[in-house]
Amino acid sequence: MNWQELITHYGYFAIVVGTFFEGETILVLAGVLAHHGYLNLYGVMGSAFIGTLFGDQLYFLIGRRKGMKWINARPKYKRKVRKIFRLLNRHQILLILGFRFLYGIRTVTPFVLGAAGISPKLYVPLNLLGAGVWAIVVGLLGYWFGQAIQVILEQLHHYEYWFLSILAAFAVIVALAMYLRRQKR
């Protein structure tokens, strides 16, 4: 089985698993693959939605069950936890909706929200909405990134001769400089 068949057969499952644990890189790459026809964009976004939704629900429940004791036992999160609490005190709804877009605190936020005693009645619907928006936005960004890569590669093809000529000239200059340097010694 070649890599294209692997992507076609297991790509959506890999997206679910990848977004369950983290997500952005997996989803952007999946969007690029969707642009190139290996995956369906709607399937990519749907798989990402499922993975991130269930992952963050699980982390939220662990936070509710284990509480701050579990979080405090991990000192490397101390600075992030303080930042999350500051955001939580000022922008509770916006934080729950948009934590997936906050680099650096994305993965620990559901734990903290659970440990902070946020009601599941508030968290679950906002998590559903936030997961949907995130899957669509990041999936589309990956898709458009794939399109940009294709345009750049097509443009590079037109300038391939010049690019290779400049690269060859640069290599000759470096080789000549190294030769002259050795001769000086």
Side-chain angles (χ1 to χ4, degrees), residues 1-66 70-71 73-81 83-84 87-88 91 93-116 118 120 122-153:
M1 188 177 280
N2 65 29
W3 70 272
Q4 294 169 335
E5 290 171 338
L6 283 171
I7 290 170
T8 303
H9 285 55
Y10 302 108
Y12 300 110
F13 177 73
I15 294 166
V16 170
V17 171
T19 55
F20 183 90
F21 293 108
E22 181 56 52
E24 288 81 10
T25 305
I26 298 291
L27 185 50
V28 168
L29 290 174
V32 170
L33 291 170
H35 175 70
H36 291 286
Y38 297 108
L39 298 169
N40 176 282
L41 181 60
Y42 298 112
V44 164
M45 292 186 293
S47 299
F49 171 76
I50 291 167
T52 194
L53 177 70
F54 286 110
D56 292 332
Q57 280 299 136
L58 177 65
Y59 305 147
F60 174 79
L61 293 173
I62 291 171
R64 282 187 64 80
R65 203 165 208 1
K66 301 287 184 180
W70 188 84
I71 292 170
R74 286 147 183 83
K76 69 179 183 177
Y77 294 134
K78 195 174 202 168
R79 201 177 100 246
K80 292 178 182 183
V81 169
K83 185 176 185 176
I84 294 166
L87 289 169
L88 186 59
H91 312 287
I93 304 291
L94 288 175
L95 178 64
I96 297 169
L97 281 171
F99 70 85
R100 288 173 184 83
F101 294 98
L102 300 175
Y103 182 78
I105 62 170
R106 180 212 195 289
T107 54
V108 73
T109 300
F111 292 108
V112 175
L113 293 172
I118 298 295
L122 176 65
Y123 181 77
V124 171
L126 292 175
N127 190 37
L128 277 162
L129 182 59
V133 169
W134 178 82
I136 291 168
V137 169
V138 177
L140 285 173
L141 286 174
Y143 188 83
W144 292 330
F145 183 66
Q147 187 174 8
I149 289 171
Q150 185 174 353
V151 168
I152 290 168
L153 290 177

Output the distance between atom [atom1] ([X]) and atom [atom2] ([Y]), rounded to the nearest 0.5 Å.
X      : Y      : atom1 : atom2 : answer
Ile15  : Tyr10  : CD1   : OH    : 15.0 Å
Thr8   : Asn40  : OG1   : CG    : 11.5 Å
Ile84  : Arg79  : CD1   : CZ    : 11.0 Å
Leu58  : Leu53  : CG    : CG    : 11.0 Å
Ile93  : Leu129 : CD1   : CG    : 11.0 Å
Thr109 : Leu88  : OG1   : CG    : 9.5 Å

Side chains of [X] and [Y], heavy atoms from C-beta outward: is any pair under 4.5 Å?
X      : Y      : value
Leu113 : Ile96  : yes
Leu27  : Leu141 : no
Leu95  : Leu102 : yes
Tyr59  : Phe54  : no
Phe13  : Ser47  : no

Keeping the roles fixed (side chain from [X], backbone from [Y]), state whether a donor-acceptor pair exists under 3.5 Å.
X     : Y      : answer
Arg74 : Trp70  : yes
Arg64 : Ile118 : yes
His9  : Glu5   : yes

request  = Please say whether more than 12 non-hydrogen atoms of neighbouring residues, nucleotides or ligands are located less than 6.0 Å from CZ in Phe101.
outcome  =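 Counting neighbours around CZ of Phe101, more than 12 heavy atoms of other residues, nucleotides or ligands fall under 6.0 Å, so yes.
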message = Applying side chain to side chain contact (heavy atoms under 4.5 Å, CB included) to Ile105 and Phe99, what does each step give before you reach the verdict?
response = CA-CA 7 Å; Ile105 62 170; Phe99 70 85; 5.9 Å; no
Considering non-hydrogen atoms only, spot the tightest contact between [X] and [Y] and give its length.
X     : Y      : result
Thr52 : Ala131 : CG2-CB, 3.7 Å
Gln57 : Val124 : NE2-CG2, 3.7 Å
Ala48 : Ala135 : CB-CB, 4.1 Å

task = Dump the intermediate steps for side chain to side chain contact (heavy atoms under 4.5 Å, CB included) on Ile26 and Glu22, then the final yes or no.
result = CA-CA 8 Å; Ile26 298 291; Glu22 181 56 52; over 6 Å; no
key: Test: Arg106 cationic atom under 6.0 Å from Trp134 six-membered ring centre, within 45° of axis   =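 Yes, a cation-pi geometry.
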task = Take Val16 and Tyr12, measure what side chain to side chain contact (heavy atoms under 4.5 Å, CB included) needs, and give me the verdict at the end.
result = CA-CA 6 Å; Val16 170; Tyr12 300 110; 5.8 Å; no
request  = Indicate the ring-plane relationship of His35 and Tyr143, choosing parallel, tilted or perpendicular according to the 30° and 60° boundaries.
outcome  =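 Judged by the thresholds at 30° and 60°, the geometry between His35 and Tyr143 is perpendicular.
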task = Kindly indicate, with the supporting measurements, whether the criterion side chain to side chain contact (heavy atoms under 4.5 Å, CB included) is fulfilled by Tyr103 and Glu24.
result = CA-CA 10 Å; Tyr103 182 78; Glu24 288 81 10; over 6 Å; no
key: Qualifying residue for side-chain hydrogen bond (donor to acceptor under 3.5 Å, both in side chains) with Arg100, from Thr19, Asp56, Thr107   =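 Only match with Arg100 under side-chain hydrogen bond (donor to acceptor under 3.5 Å, both in side chains): Asp56.
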